[in-house]
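Here's the structure, in structure tokens; my notes come after.
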Amino acid sequence: MARDAHSVTGTAAPPGEERGLGGQRLLAFARTLQGAVDFSALTAMVAEEVRGALGYDNSWLSVFEDERLMQARLLTVQGPSEVDVWKHATVIPVEGDWMMEQIAKGDRVVVIEDALTDPRVNHAIVDQLKNRTIINVPLRFIDRPFGTLGLGTFGDEGPRPPTEAEVEYLIAMAAHVSVAAARIRLTEERALAAADRLDIERRLAQRQRLESLGLLAGGVAHDFNNLLMVMRSTAAVFEAERGLSETGRASVAMLLDAVERARDLTRQLLALGRKQDLRLAPLDLNARVRKLVALLRRVVPASIAVDVIEGPRLPLVSADEVQIDQILLNLCLNARDAMPHGGRITLETEQVVINGEYVRAHPWAKPGRYVLLSVTDTGTGIAPELIDRVFEPFFTTKPEGQGSGLGLAIVYGVVRQHDGMVHCYSEPGVGTAFKVYLPILEREADEVGSKIAGAVPGGTERVLVADDHPGARRVMVDLLTRAGYTVVAVEDGAQAVEAARCEPFELVILDAVMPRLGGGEARARIRELRPGARFLFASGYGADALSEQLTAEDAREVLAKPTDPDSFLRAVRRALDRR
Ligand SMILES: Nc1ncnc2c1ncn2[C@@H]1O[C@H](COP(=O)(O)OP(=O)(O)OP(=O)(O)O)[C@@H](O)[C@H]1O
Ligand SMILES: [Mg+2]
């Protein structure tokens with residue numbers, strides 16, 4: 001029957017001493033344990049000691065899975081019953097198992113003298129394993145239960161309860177095993193942390209490489225584009241020439257055609273260097289995906305199935321639809337090319353929140369709310385050593401003439417320009433998933449654009465917008481124009497003052513921080529010229545950073561960037577209606 005080892009009272013001379021279970025033996029064991037580098041080495045040492053000192057052939061180590069000690073997981077087991085134990089007792093629920101509850105609760109050695117007759121055992125396990133004697137010694141990790149060291153007999157071995165001296169010796173052993181186990185676990189955790197750090201560094205390096213390659217390509221394309229313009233206009237002169245022969249005419253047409261294609265290519269290269277302006281507008285990604293799939297069915301062979309899983313109530317994103325189509329098309333064509341013998345492309349959209357926890361595990365991630373677009377295929381996959389390179393411009397594994405290696409570089413550039421993230425998972429032989437995260441516009445999802453015109457107030461006043469950021473400027477102009485306002489946009493404070501000198505505006509929207517003349521100073525000058533004008537400040541830094549430029553009364557008029565279209569238009573209306 002079960003005994004509580006702590007109630008065992010030692011005699012003056014422990015009986016185990018004569019059988020060699022004394023301090024010397026324990027010390028030698030403790031010294032051996034120092035050489036254990038992992039849990040399997042540790043159990044091997046424990047098993048040997050349990051066999052040598054106590055005569056038990058089977059021993060095991062298990063650990064509690066979590067802080068709440070809901071279940072114990074077998075780490076290693078040694079002995080003739082090894083296979084059966086793995087089969088039937090890999091995970092043992094603690095609740096409802098008297099023995100495990102005892103171990104999780106306190107630090108008592110629990111001894112079942114004969115499981116065959118003891119009613120308290122977990123019959124589900126014991127019936128399978130044919131346990132006879134079971135001894136479980138708790139392991140502690142500083143101040144909490146950590147797991148157990150178990151040993152015992154099975155089946156024909158018959159029961160063999162431990163003597164008091166043996167239980168004492170086991171308790172002493174367990175203390176040393178606990179220390180060794182804690183050391184191993186800490187070392188493992190440290191190694192994991194170091195691996196994580198390496199991963200972060202690798203990804204940062206990759207990003208910098210991509211960015212500089214993109215800039216380089218963009219820079220070259222820019223110069224190249226100018227040369228193409230010269231070629232095109234020169235060819236056009238020839239084309240207009242009278243008396244040009246038929247072959248001459250055909251040659252010029254070919255030349256112009258080639259120039260046209262070169263221009264397409266440079267346009268793509270320019271996208272890499274972020275030299276393109278985005279036409280941002282609220283966009284329903286589901287609608288885009290639907291449109292694309294209709295087109296896709298024409299360019300993928302019948303052996304490839306195309307599935308769409310649309311996220312419900314998907315929030316809008318602020319995006320350039322032409323560019324988003326590029327992303328979708330590039331990813332889908334790559335998927336098609338990876339499945340020469342057919343397969344399945346799955347396009348999925350969903351809303352996701354990326355928080356601190358996730359960011360720690362995925363160093364490339366920025367916290368926030370996103371719409372996630374996944375394009376998954378069942379194709380060849382990408383070899384692990386290549387996966388870091390797929391976004392590089394000109395990286396391709398396709399035969400000469402079939403791939404330019406620009407598809408994913410463009411995807412990467414476009415996504416970054418949208419303040420999003422893109423990540424690739426792949427398993428060779430199984431398939432590949434590209435995940436594109438686009439930051440959501442913080443407003444309720446609905447059909448595209450419908451809400452903006454309806455619920456949000458517009459107007460017919462004249463509005464001047466000054467912002468040095470072309471994307472931000474474009475969004476504001478777009479929204480204001482669509483809401484009915486007449487808009488003039490300029491790039492900095494000085495130009496704003498000039499514009500206001502030429503004509504009156506009811507409202508002036510100033511970026512707080514601009515080159516040449518900041519928002520505060522610009523307002524002062526415009527106010528002198530146009531005392532009736534109202535002002536609204538846009539700031540990416542929040543009201544605090546502006547406190548030097550603004551009075552307390554102005555603080556209400558600071559619009560935090562980035563903002564969503566609804567709140568932007570409401571703030572505009574509020575500013576105009578203010579008395
Ligand atoms: N879904 C995918 N499955 C397997 N490999 C892929 C997949 N997508 C991309 N790759 C690999 O990444 C490489 C780069 O892709 P990328 O789209 O940038 O260029 P490309 O497809 O080779 O050429 P381009 O798109 O310019 O015609 C591909 O050549 C291929 O090796
Ligand atoms: Mg491609």
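Only this structure's heavy atoms are used, side chains among them; waters, hydrogens and symmetry mates stay out. When a ligand or atom number is given, it counts from 1 through the structure's own listing order.
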Quiz prompt | Atoms of ligand 1 close to Thr396 [distance to a heavy atom under 4.0 angstrom, numbered from 1] | solution = 20 (P), 22 (O), 29 (O)
Quiz item: Are the charged groups of Arg261 and Asp257 less than 4.0 angstrom apart, N to O?
Solution: yes
Exercise. Just need the protein heavy atom nearest to atom 21 (O) of ligand 1, so name the residue and atom and give the distance.
Key: Lys398 NZ, 2.5 Å
Exercise. Quick one: look up the protein heavy atom nearest atom 17 (O) of ligand 1 and list residue, atom name and how far away it is.
Key: Asn334 ND2, 2.7 Å
Quiz item: Starting from atom 15 (O) of ligand 1, which protein heavy atom do you reach first, and at what distance in Å?
Solution: Leu408 CD1, 3.6 Å
Exercise. Could you tell me whether any N, O or S atom belonging to Asn334 is less than 2.8 Å from the Mg ion (ligand 2)?
Key: yes
Quiz item: Can you find an N/O atom of Phe434 closer than 3.5 Å to an N/O atom of ligand 1?
Solution: no
Quiz item: How are the rings of Tyr370 and Tyr437 set to each other: parallel, tilted or perpendicular (split at 30° and 60°)?
Solution: perpendicular
Quiz item: Does some side-chain heavy atom of Leu408 sit less than 4.5 Å from a side-chain heavy atom of Ile410?
Solution: no
Practice problem: For atom 11 (C) of ligand 1, grab the closest protein heavy atom and report residue, atom and distance to one decimal in Å. | Solution: Val390 CG1, 3.9 Å
Exercise. Would you mind reporting whether Leu74 and Val91 have side-chain heavy atoms less than 4.5 Å apart?
Key: no
Self-check item: Heavy atom of the protein closest to atom 14 (C) of ligand 1 (residue, atom name, distance)
Solution: Phe395 O, 3.2 Å
Self-check item: Nitrogen or oxygen of Gly407 less than 3.5 angstrom from that of ligand 1
Solution: yes
Quiz item: Side chain of Asn286, backbone of Gly311: donor and acceptor closer than 3.5 Å?
Solution: yes
Self-check item: Leu406, any N or O under 3.5 Å of ligand 1 N or O
Solution: yes
Self-check item: Sole candidate of Leu328, Val300, Val299 that passes side-chain contact (heavy atoms from CB on, under 4.5 Å) when paired with Leu333
Solution: Val299
Quiz item: So is Gly379 in contact with ligand 1, going by heavy-atom distances below 4.0 Å?
Solution: no
Quiz item: With a 4.5 Å limit on heavy-atom distance, are the side chains of Val371 and Pro315 in contact?
Solution: yes
Practice problem: Considering the heavy atoms of Ala338, write down every atom of ligand 1 situated less than 4.0 Å from one of them. | Solution: 2 (C), 3 (N), 4 (C)
Quiz prompt | Shortest protein heavy-atom distance from atom 29 (O) of ligand 1, along with the residue and atom involved | solution = Thr397 N, 2.9 Å
Quiz item: Would you say Ile382 has any N or O atom under 3.5 Å from an N or O of ligand 1, going by distance alone?
Solution: no
Practice problem: Before signing off on this row, confirm whether Asp337 and ligand 1 have an N or O atom pair separated by under 3.5 Å. | Solution: no
Exercise. Answer yes if the side chains of Ser245 and Thr247 hold a donor-acceptor pair under 3.5 Å, and no otherwise.
Key: yes
Practice problem: Give the residue and atom name of whichever protein heavy atom lies nearest to atom 2 (C) of ligand 1, and the separation in Å to one decimal. | Solution: Asp377 OD2, 3.7 Å
Quiz item: Under 4.0 Å between a Lys/Arg side-chain N and an Asp/Glu carboxylate O for Arg249 and Glu239?
Solution: no
Quiz item: Do Trp60 and Gln78 have side chains that get closer than 4.5 Å, going by heavy atoms?
Solution: no
Self-check item: Nearest neighbour in protein (non-hydrogen) for atom 26 (O) of ligand 1
Solution: Ser404 OG, 2.5 Å
Exercise. Look at Asp377 together with Arg344 and state whether they make a salt bridge at an N to O cut-off of under 4.0 Å.
Key: no
